[in-house]
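The structure appears right after this line, and notes come after that.
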Amino acid sequence: MSDQITITLPDGSKRSYEKGVSALDVASSISEGLARNVLAAKIDGEVKDAFRPIDEDVSLQLLTWSDDEGKSTMWHSSAHLMAEALEALYPGIKLGIGPSIENGFYYDIDFEGVDFDSDNLEIIEKKMLELAREKNAFIRKEISKSDAVAYYQEKGDEYKLELLEGLEDGSISFYEQGKFTDLCRGPHIPHTGYIKAVKILNVAGAYWRGDENRKQLTRLYAISFPKQKELKEHLEMLEQAKQRDHRKIGKELELFTFSERVGKGLPLWLPKGAILRERLEGFLKKSQLKAGYDQVVTPHIGAKDLYVTSGHYAKYGEDSFQPIHTPAEDEEFLLKPMNCPHHCEIYKSKPRSYKDLPVRYAEFGTVYRYEQSGELHGLTRVRGFTQDDAHIFCTQDQVKSEFGNVVDLVLYIFSSLGFKDFTAQVSLRDPEKPEKYIGKDEDWEKAEKAIEEVAEEKGLDYIIEYGEAAFYGPKLDFMVRDALGRKWQLGTVQVDYSLPDRFELEYIGRDNQKHRPVMIHRAPFGSMERFIAILIENCAGDFPLWLAPDQIAILPISEKYHDYAKGLYGELQEQDIRGFIDERDEKIGKKIRDAEVKKIPYMLIVGEKESADGAVSVRQHRVGDIGSMKKEEFVGFFHNKVADLLK
RNA sequence: GCCGAUGUAGCUCAGGGGUAGAGCGUUUCCUUGGUAAGGAAGAGGUCAGGGGUUCAAAUCCCCUCAUUGGCUCCA
């Protein structure tokens with residue numbers, strides 16, 4: 001038996017080492033610089049401690065800060081460091097879990113009986129850096145379950161004891177650094193000295209094990225870096241992201257507002273926001289007309305029975321806005337939480353033949369849902385919102401092509417708006433729990449297959465989530481992120497086998513027999529409110545020309561040119577170009593500055609020269625002076641720009 | 001809904017037991033100008049609402065409401 005092992009590096013090169021070598025040793029043998037930067041190692045595809053001995057032939061990839069796994073190892077170790085600091089500062093606390101997350105890490109702490117002040121996070125940061133400077137090595141210890149249990153019983157930490165219950169003897173490890181020991185499967189960075197900068201970002205409550213019936217722990221979110229400079233850059237990035245917040249821009253550009261008196265979660269659209277919204281609706285209506293949709297209109301309330309039939313009352317009625325009772329007859333109505341039941345009734349308004357299908361009903365339907373107060377958030381989570389809803393009634397054989405058409409429509413709309421950063425999520429059944437779903441197995445199989453094929457054929461960047469399907473059918477959602485990286489669902493396409501049954505929808509087939517249609521729910525934007533919120537954050541308020549509430553601002557050099565400006569304004573209005581004249585008694589520099597701040601796409605400066613020539617001097621937002629052109633020329637230029645965007 | 005934070009002029013924010021502050025915006029006047037802020041004067045507040053402590057509360061305490069960071073939820 002040889003004491004030598006062969007290690008294969010990512011470039012395919014093979015090197016021979018003594019048995020028991022660590023990834024760190026391997027790194028040192030390549031270069032000292034590399035060794036200093038190694039945080040963890042990927043050994044045969046699994047991320048491990050870089051300091052663990054390797055006893056057999058393996059493939060090895062050294063992980064540094066530039067690898068995602070390197071970062072997450074660093075952050076996970078930082079969570080341990082934070083826990084160490086917290087234990088030192090606040091003796092008696094109990095620890096929940098402390099994982100790394102996409103941008104940093106957190107630790108859930110039970111501070112019960114311990115005086116913790118969330119205003120003084122710098123103290124914790126300081127302590128962490130102090131401990132980091134000790135360069136304490138992370139030491140891995142395999143430990144028996146009984147010893148682990150004994151340790152935490154002694155310590156009195158019921159959370160760790162509960163975690164241990166779910167673990168098997170023989171698979172339990174502790175990691176120790178400095179005076180701190182934690183139940184952990186690892187891996188960790190070699191020592192705490194790699195952590196050079198930390199920032200505790202926020203403090204939040206989090207239910208133990210995500211269960212709202214259990215105790216709420218205090219969660220400290222933080223991030224760490226190997227260089228102070230990177231922390232600074234990260235914080236600046238966060239600061240910039242805040243500038244894109246739709247709540248801030250919505251206020252600045254006077255798009256929407258809220259009023260306590262009207263009620264929380266009930267947005268009020270200001271004139272400029274309303275224009276934006278109407279343009280978006282108009283654009284979508286036009287696209288849908290081309291795609292064979294028929295527009296319908298339904299009321300904002302519906303008889304309670306309607307939702308009993310649809311099943312929504314049973315599922316959501318209790319914790320929803322309560323029914324409205326009429327005074328004389330004691331009838332019950334619900335605020336419309338969905339448009340689909342209404343559309344089902346439209347479908348039922350006359351007998352249908354297979355020749356009529358697919359039937360596509362579209363409506364900008366305003367719905368009301370009782371969202372928990374703590375969930376409300378700007379325009380992205382509100383209690384009254386308008387869905388760009390449509391329901392397609394088709395045969396099972398048409399599901400795939402209809403689904404594909406919807407995806408095409410969504411992609412067309414997204415690309416027209418310059419939306420690039422979205423992903424798709426295909427939600428299928430949980431194969432373990434078939435009883436959760438209604439509808440025929442074979443229909444589900446067909447529908448699931450159709451959705452996957454469509455996602456593949458349309459080249460979507462998608463992930464599959466098993467168990468995320470609605471009980472009535474599989475779906476495909478379009479997910480986007482806001483300025484701060486939070487994920488939101490926008491567009492959705494869902495196949496539904498339930499409502500056609502509940503509403504006993506029918507069509508007469510070629511065989512002259514009654515058949516049940518399949519329903520597809522779809523909303524490319526999801527809701528106008530959320531979509532506009534995300535749109536604002538994506539473009540930071542610099543809307544595409546065709547959407548901008550004010551597309552142009554006419555800026556007269558002085559009062560003498562107001563008449564010319566008014567004439568020009570009238571001509572542009574005739575051409576469907578919208579904006580305003582800045583007639584204030586201000587210098588041109590001031591007017592330009594204000595128009596720039598308001599993010600108006602084109603500023604038309606008119607003075608002596610322009611009024612004499614029938615021209616405008618054009619200045620483009622964020623670009624500057626782009627020269628002078630005749631009025632008609634500008635109209636053509638403008639319309640070409642819009643046409644380019646909507647290609 | 002739960003845990004935490006915040007709430008002062010239209011907006012952004014300072015102040016912190018003893019006469020309510022700034023910048024921007026707004027109004028009026030002067031100025032009539034050429035590509036990111038011309039000048040002057042004025043108006044504007046029950047310091048979120050309610051209760052308490054105090055000689056005195058915007059300030060300290062309690063409650064409510066709203067906003068907000070998360071958690072849970074999301075047809």
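In what follows, chains are A, B, ... by sequence order, proteins preceding strands, each numbered from 1. Just the heavy atoms: all of them, side chains too, but no hydrogens, waters or symmetry mates, feed the values below.
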Give A/G311 one of three labels, base, sugar-phosphate or nothing, depending on what nucleic acid heavy atoms sit under 4.0 Å from its own.
nothing
Mind telling me whether A/F634 and A/F638 have parallel, tilted or perpendicular rings, with 30° and 60° as the class edges?
tilted
Output the rounded distance in Å from CG (A/D594) to P (B/A36).
12 Å
Geometric class of the A/H300/A/Y368 ring pair [parallel <30°, tilted 30-60°, perpendicular >60°]
tilted
Starting the side chain at C-beta, find the nucleotide from B/G70, B/A75, B/U35 nearest to A/Y221.
B/G70
Quick one: label A/R381 by what it contacts on the DNA or RNA (base, sugar-phosphate, nothing), any heavy atom closer than 4.0 Å.
base
The side chain of A/S617 lies closest to which of these nucleotides: B/A75, B/G4, B/G34?
B/G34
State whether A/R219 places a side-chain N or O below 4.0 Å from either non-bridging phosphate oxygen (OP1 or OP2) of B/G4.
no
So what does A/H377 touch, heavy atoms closer than 4.0 Å: a base, only the sugar-phosphate, or nothing?
sugar-phosphate
Within the 4.0 Å heavy-atom criterion, would you say A/A204 contacts the bases, only the backbone, or no part of the nucleic acid?
base
Which nucleotide in the set B/G70, B/U68, B/C2 lies at the smallest distance from any side-chain heavy atom of A/R247?
B/U68
A/H377 and A/W488 aromatic ring geometry - parallel, tilted or perpendicular at 30°/60° bounds
tilted
Determine which nucleotide pairs with B/U54, using a 3.5 Å limit on both distances of a Watson-Crick or G-U wobble pair.
none
Measure from CZ on A/F116 to P on B/C3 and round the result to the nearest Å.
16 Å
Parallel, tilted or perpendicular: ring planes of A/W444 versus A/Y497, cut at 30 and 60 degrees:
tilted
Suppose we call a contact any N or O donor and acceptor under 3.5 Å apart; does that hold for the side chain of A/R261 and the base of B/A66?
no
Classify the angle between the aromatic ring planes of A/Y90 and A/F111 as parallel (below 30°), tilted (30 to 60°) or perpendicular (above 60°).
perpendicular
Between A/I223 (CD1) and B/G70 (C1'), how many Å, whole number?
16 Å
Sticking with atom C1', work out how far B/G69 lies from B/U8, rounded to a whole angstrom.
22 Å
Note: A/Y437 and A/A470 closest approach over all heavy atoms is CD2-O, 3.7 Å
Residue met sooner reading RNA chain B from 5', once A/K264 and A/A470 are mapped to nucleotides
A/K264
Does B/A75 have OP1 or OP2 sitting under 4.0 Å from an N or O in the side chain of A/Y370?
no
Candidates B/A5, B/C71, B/A36 - which lies nearest the side chain of A/A206:
B/C71
Measure the distance from CD on A/E465 to C1' on B/C74 and round it to the nearest whole Å.
16 Å
Among B/A66, B/G4, B/C71, the one nearest any side-chain atom of A/Y207 is B/C71
What is the ring orientation for A/H521 with A/Y472, classed by angle as parallel under 30°, tilted 30 to 60°, or perpendicular over 60°?
tilted
Assess whether one donor atom and one acceptor atom, taken from the side chain of A/Q216 and the base of B/C2, lie less than 3.5 Å apart.
yes
Spacing between A/D582 atom CG and B/G33 atom P, to the nearest angstrom:
16 Å
G-U wobble or Watson-Crick pairing nucleotide for B/U59 (cut-off 3.5 Å, both distances):
none
When we call it a touch if two heavy atoms are under 4.0 Å apart, what does A/F258 touch: a base, just sugar-phosphate, or nothing?
nothing
Using a heavy-atom cut-off of under 4.0 Å over every strand shown, decide if A/G589 touches base, sugar-phosphate, or nothing.
sugar-phosphate
Would you tell me whether A/K560 and A/S611 have side-chain atoms, one donor and one acceptor, within less than 3.5 Å of each other?
no
Between B/C73 and B/G16 - P atom distance, rounded Å
43 Å
Could you tell me whether A/R619 and A/E596 make a salt bridge, using a distance below 4.0 angstrom between a side-chain N and a carboxylate O?
yes
Hey, does the side chain of A/R383 come within less than 4.0 Å of B/C73's phosphate (OP1/OP2), counting only N and O?
no
Students often get this wrong, so: under 4.0 angstrom with heavy atoms, is A/G526 touching a base, only sugar-phosphate, or nothing?
nothing
On the 0 to 90° scale, with breaks at 30° and 60°, tag the A/F256-A/H246 ring pair as parallel, tilted or perpendicular.
tilted
Nucleotide forming a Watson-Crick or wobble pair with B/U32, both distances under 3.5 Å
none
Looking for any heavy atom pair under 4.0 Å, which part of the strands does A/Q620 touch: base, sugar-phosphate only, or nothing?
nothing
Remember a base hit wins even if backbone is also touched, and classify A/I588 as base, sugar-phosphate or nothing at under 4.0 Å, heavy atoms.
sugar-phosphate
Within the 4.0 Å heavy-atom criterion, would you say A/D625 contacts the bases, only the backbone, or no part of the nucleic acid?
base
Sugar-phosphate only, base, or nothing, as touched by A/Q489 at under 4.0 Å among non-hydrogen atoms:
nothing
If you measure from the P atom in B/U32 to the same atom in B/G10, how many Å do you get, rounded?
34 Å
Quick one: label A/R486 by what it contacts on the DNA or RNA (base, sugar-phosphate, nothing), any heavy atom closer than 4.0 Å.
sugar-phosphate
Integer angstrom distance from the C1' of B/G25 to that of B/U12:
11 Å
Rounded off to whole Å, could you give me the CD-to-P distance for the A/E559 and B/G38 pair?
17 Å
Strictly under 3.5 Å: I want the nitrogen or oxygen pairs between protein and nucleotides 11-13 of chain B, one per line.
residue : atom : partner : partner atom : Å
B/U12   : OP1  : A/K251  : NZ           : 3.2

For A/E260, which contact category applies under a 4.0 Å heavy-atom criterion: base, sugar-phosphate, or nothing?
sugar-phosphate
Distance, rounded to the nearest Å, where A/L376 contributes CG and B/A66 contributes P:
9 Å
For the OG atom of A/S78 and the CE atom of A/M128, what is their distance to the nearest 0.5 Å?
6.0 Å
Candidates B/G33, B/C71, B/U26 - which lies nearest the side chain of A/R584
B/U26
Any side-chain N or O of A/K587 below 4.0 angstrom from OP1/OP2 of B/C30?
no
Options B/G25, B/A75, B/G34, nucleotide nearest the side-chain atoms of A/K590:
B/G25
Tell me the closest heavy-atom pair linking A/G365 and A/N339, and the distance in Å.
CA-OD1, 3.5 Å
Should B/G21 form a Watson-Crick or G-U wobble pair with both distances under 3.5 Å, which nucleotide is its partner?
B/C13
Please report the distance separating the C1' of B/G42 from the corresponding atom of B/A56, rounded so that it comes out in whole Å.
32 Å
Atom C1', compared across B/U53 and B/A40: separation rounded to whole Å
47 Å
With rounding to whole Å, what would you report as the distance between B/A36 and B/A14 at their C1' atoms?
27 Å
Using the P atom as the reference point in each nucleotide, state the distance between B/C13 and B/C74 in Å, no decimals.
34 Å
Now, which nucleotide makes the Watson-Crick or G-U wobble pair with B/U68, with each of the two distances under 3.5 Å?
B/G4
Taking only side-chain nitrogens and oxygens of A/K315, does any of them come within less than 4.0 Å of OP1 or OP2 of B/A75?
no
Determine: side-chain N/O of A/R369 to OP1/OP2 of B/A75, distance under 4.0 Å, yes or no.
no
As its Watson-Crick or G-U partner within any shown strand, both distances under 3.5 Å, B/A41 has B/U27
Kindly confirm whether the side-chain ring of A/Y316 is stacked on the base of B/A75, judged by centres under 5.5 Å and planes under 30°.
yes
